[in-house]
Each structure stands twice: as structure tokens, then as C-alpha cells.
Amino acid sequence: MWANPDWRGGLYPPHAGRDGWLSDYAEVFNAVEGNTTFYSGTPRPDTVDAWSRQAPAGFRFCFKLPQRLTHGKRLRQVGQEVEAFLEALAPLRDRLGPVMIQLPRDFGPDEIPALAQTLEDWPSDYPCAVELRHSEFFHKGTAERDINALLISHGVDRVMLDVRPLFSGPPMDHPGLIQARREKPRRPLHVLSTANFPVIRYIGHLDKDVNEHYFAPWVRQLCLWIKQGKTPFLFVHTADNLQAPELARVLYARIAREMGWPELCAFPGDRQNLLL
């Protein structure tokens with residue numbers, strides 16, 4: 001996400017208006033999980049044009065397919081609507097990362113033909129990633145082998161939802177943490193890349209030490225994928241997302257040291273605070 005008023009005074013300048021948030025975000029980070037399309041559906045042309053003006057050439061949007069198609073229609077007979085959705089994003093074509101198909105947690109093996117048809121119709125020049133939540137796809141049995149084979153055959157990545165930090169650490173009565181634990185599916189993490197754009201959605205804890213523990217293996221894995229020529233995407237969430245930008249900066253700094261990359265630039269809000 002980028003539209004978070006709680007990031008003013010940190011990632012964003014203290015009095016930054018909403019219209020400048022994406023520009024400020026893209027000045028620091030080079031990708032965003034576009035959750036807005038999941039809830040709001042296909043964006044209007046003027047909205048896409050505004051995003052295009054604010055995002056530099058190296059930036060990548062990873063939008064989600066609208067939930068009306070994934071949860072409402074359950075991917076049945078959605079070919080024309082998927083085509084219209086991707087067409088609406090055409091002005092951002094050179095700045096699109098994997099478009100994510102986030103499936104309901106009760107979307108099980110018996111509904112895979114609908115997913116298979118969607119992937120069969122999916123244009124090959126649009127990267128795609130699928131987030132599975134049904135428990136049958138996490139048992140390393142026939143259902144998981146079959147779905148992984150399907151994704152590999154279409155060059156589609158499987159989104160990795162890492163909820164281990166969320167369900168670890170010391171007990172807390174933080175309302176956001178309690179709600180996140182109630183809402184997020186507690187599924188095992190299977191680290192694998194079925195195509196060229198591995199996507200990780202990291203659901204962090206509010207305790208810094210817990211996140212430090214789980215960051216270490218991700219640094220090694222991300223560096224390995226990068227050296228193999230893959231382009232991984234990792235998005236950091238927390239229960240209230242207040243700490244998410246700083247956690248992302250900490251993780252990137254570790255990868256940068258391993259890869260010999262420059263550090264991220266200072267947050268726009270941090271720079272302005274230094275001038276006050």
C-alpha cells in the first residue's frame with residue numbers, strides 16, 4: 001500500500017497531502033502491492049494516468065485481480081473481465097510486476113479447473129502470481145504437486161504468505177495484532193519459485209526481535225534468487241502497518257550489504273524533519 005496517513009512524519013513529510021504519497025513512496029521503494037484493485041475493482045482511466053505520472057520507470061505495481069472475480073465469481077467465466085482489467089492497466093504496462101490472483105481460503109482442488117482456464121487465457125506478456133489459501137495445497141500431497149505443476153507449466157509464480165512472525169513472539173493484547181491473527185490463514189510456509197518473479201507477503205510482528213529472526217533466512221533466499229536471475233518481490237505488512245516502511249528498509253539494508261548495492265535514500269519525512 002502507499003495511501004497510509006500514519007506514515008506522515010516518517011516515510012512522508014508531516015503535512016504531505018494524499019496526492020503526493022505515491023511519488024514520495026516511489027522515491028524510496030521500487031514496488032508496491034496494489035491492494036486497491038482487489039477491493040475497488042478495475043481502476044478508472046484517470047486514476048491509472050495519475051499513477052503513471054507519479055511512478056518512475058523502474059517502479060513496479062503488483063496489483064490484485066478484483067475480489068469480485070476471485071471470490072464472487074470464483075474465476076468462472078471471467079475471461080472478458082480479466083481482459084478488461086488488464087487492458088485498463090495498459091498505461092502502466094512497462095511498470096507492472098506480477099498481477100496477483102488471491103484466492104479464497106475455501107477455493108480447493110475441485111475448483112482448480114476454473115483457475116486453469118484463467119491461466120490458459122492469461123496473456124503471456126503479463127506476469128502473474130497466484131496466492132492459494134486452502135489447506136489441501138500445503139500438505140505436500142497430490143493436490144499441492146498438481147497445483148505447482150500447473151503454475152510451472154504456465155510460468156506463473158506461487159505467492160508465499162509468511163505468517164510465521166505474526167503467530168510467533170510474546171503474547172500481546174494489541175487490537176491490531178489480535179485482529180490480524182484472526183483474519184490471516186495460518187498456513188505453513190513452502191519456499192519455492194515456480195517462475196521468474198517470486199512474491200512474498202511477509203506479515204510481521206510488532207516485536208522487532210521476532211522480525212529480525214525471520215528476516216535472516218529471507219535475506220539468504222532472496223540473494224540466491226537474484227543471483228539466479230530471478231526478480232523477487234517481498235512486501236512487508238504488520239498488524240497496523242505503522243512499522244512496515246521501516247521494517248522494509250531494515251530488510252533491504254541487509255540484502256544491499258550482501259549484494260553490494262547502495263542503501264535506500266532517506267525517507268522524505270525524515271529529510272524534512274532534519275530541516276525543522
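Note that this is a predicted model, so its numbers are computed, not measured.
There is a side-chain donor-acceptor pair under 3.5 Å between Arg95 and Ser52.
The shortest heavy-atom contact between Ala244 and Trp7 is CB-CZ2, 4.3 Å. Heavy atoms only, all atoms of each residue included: Leu92 and Phe63 are closest at CD1-CE1, 3.8 Å.
Counting only distance, with no hydrogens or angles, the side chain of His154 and the backbone of Val156 share no donor-acceptor pair below 3.5 Å. His139 places no side-chain N or O within donor-acceptor distance of the main-chain N or O of Gly141, the cut-off being under 3.5 Å. A donor-acceptor distance shorter than 3.5 angstrom exists from the side chain of Asn241 to the backbone of Thr238, with no hydrogens or angles considered. The backbone N or O of Phe137 lies less than 3.5 Å from no partner atom in the side chain of His134, so there is not a single donor-acceptor pair. Counting only distance, with no hydrogens or angles, the side chain of Thr194 and the backbone of Ile152 share no donor-acceptor pair below 3.5 Å. Side chain of Arg181 to main chain of Ile178: no donor-acceptor pair is present (N/O by atom type, distance under 3.5 Å, no hydrogens or angles). Judged purely by atom type and a 3.5 angstrom limit, His205 uses its side chain to pair as donor or acceptor with the backbone of Ser168. Of the possible donor and acceptor atoms, one in the side chain of Trp122 sits under 3.5 Å from a partner among the backbone N and O of Tyr126. Within the 3.5 Å criterion, the main-chain N or O of Ala195 finds a donor-acceptor partner in the side chain of Lys230.
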Legend entry - CA sep, side-chain torsions, deciding dist, call: Arg8, Trp21, side-chain contact (heavy atoms from CB on, under 4.5 Å): CA-CA 9 Å; Arg8 285 182 293 203; Trp21 287 348; 4.2 Å; yes
Inset, instruction - Dump the intermediate steps for salt bridge (charged side-chain N to carboxylate O under 4.0 Å, His left out) on Lys208 and Glu246, then the final yes or no. - result: CA-CA 11 Å; Lys208 182 178 70 173; Glu246 183 56 39; over 6 Å; no
Inset, instruction - Apply salt bridge (charged side-chain N to carboxylate O under 4.0 Å, His left out) to Asp162 and Lys184, showing your working. - result: CA-CA 10 Å; Asp162 189 358; Lys184 299 299 181 185; over 6 Å; no
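Between Glu131 and Arg187 there is no salt bridge, since no side-chain nitrogen of the basic residue lies less than 4.0 Å from a carboxylate oxygen of the acidic one. Salt bridge present: Glu33 and Lys64 bring a charged side-chain N and a carboxylate O closer than 4.0 Å. Under 4.0 Å is where a charged nitrogen must lie from a carboxylate oxygen, and between Arg68 and Glu81 at least one such pair does. Salt bridge status for Glu111 with Arg76: present, with a side-chain N to carboxylate O gap under 4.0 Å.
For the pair Asp157 and Pro98, the minimum side-chain heavy-atom distance is 4.5 Å or more. Within the 4.5 Å cutoff, side-chain heavy atoms of His237 are placed close to those of Arg201. Tyr252 is not listed as a side-chain neighbour of Phe29, based on a closest heavy-atom distance of 4.5 Å or more.
Going from atom OG1 of Thr37 over to atom CG of Leu89 covers 7.0 Å, rounded to the nearest 0.5 Å.
The aromatic rings of His71 and Phe38 sit perpendicular, their planes meeting at an angle over 60°, well past the 30° parallel limit. A perpendicular orientation is assigned to the rings of Tyr25 and Phe59, their planes being inclined by more than 60° (bins at 30° and 60°).
Checking each of Arg254, Glu258, Gln228, Arg257 against Cys223 for a side-chain contact (heavy atoms from CB on, under 4.5 Å) leaves exactly one that passes, namely Glu258. Test Leu11, Val236, Leu264 against Pro245 for side-chain contact (heavy atoms from CB on, under 4.5 Å) and you get one pass: Leu11.
Within a 6.0 Å radius of CZ in Arg44, no more than 12 heavy atoms belonging to other residues, nucleotides or ligands are found. Applying the 6.0 Å contact sphere to CG of Asn30 captures no more than 12 heavy atoms from other residues, nucleotides or ligands. In the displayed structure, Gln77 atom CD is contacted under 6.0 Å by at most 12 heavy atoms of other residues, nucleotides or ligands.
Annotation: cation-pi pair Arg249/Phe267 present, NZ/CZ under 6.0 Å from the ring centroid and within 45° of its normal.
The ring of Trp2 has its center no closer than 6.0 angstrom to the ring center of Tyr12.
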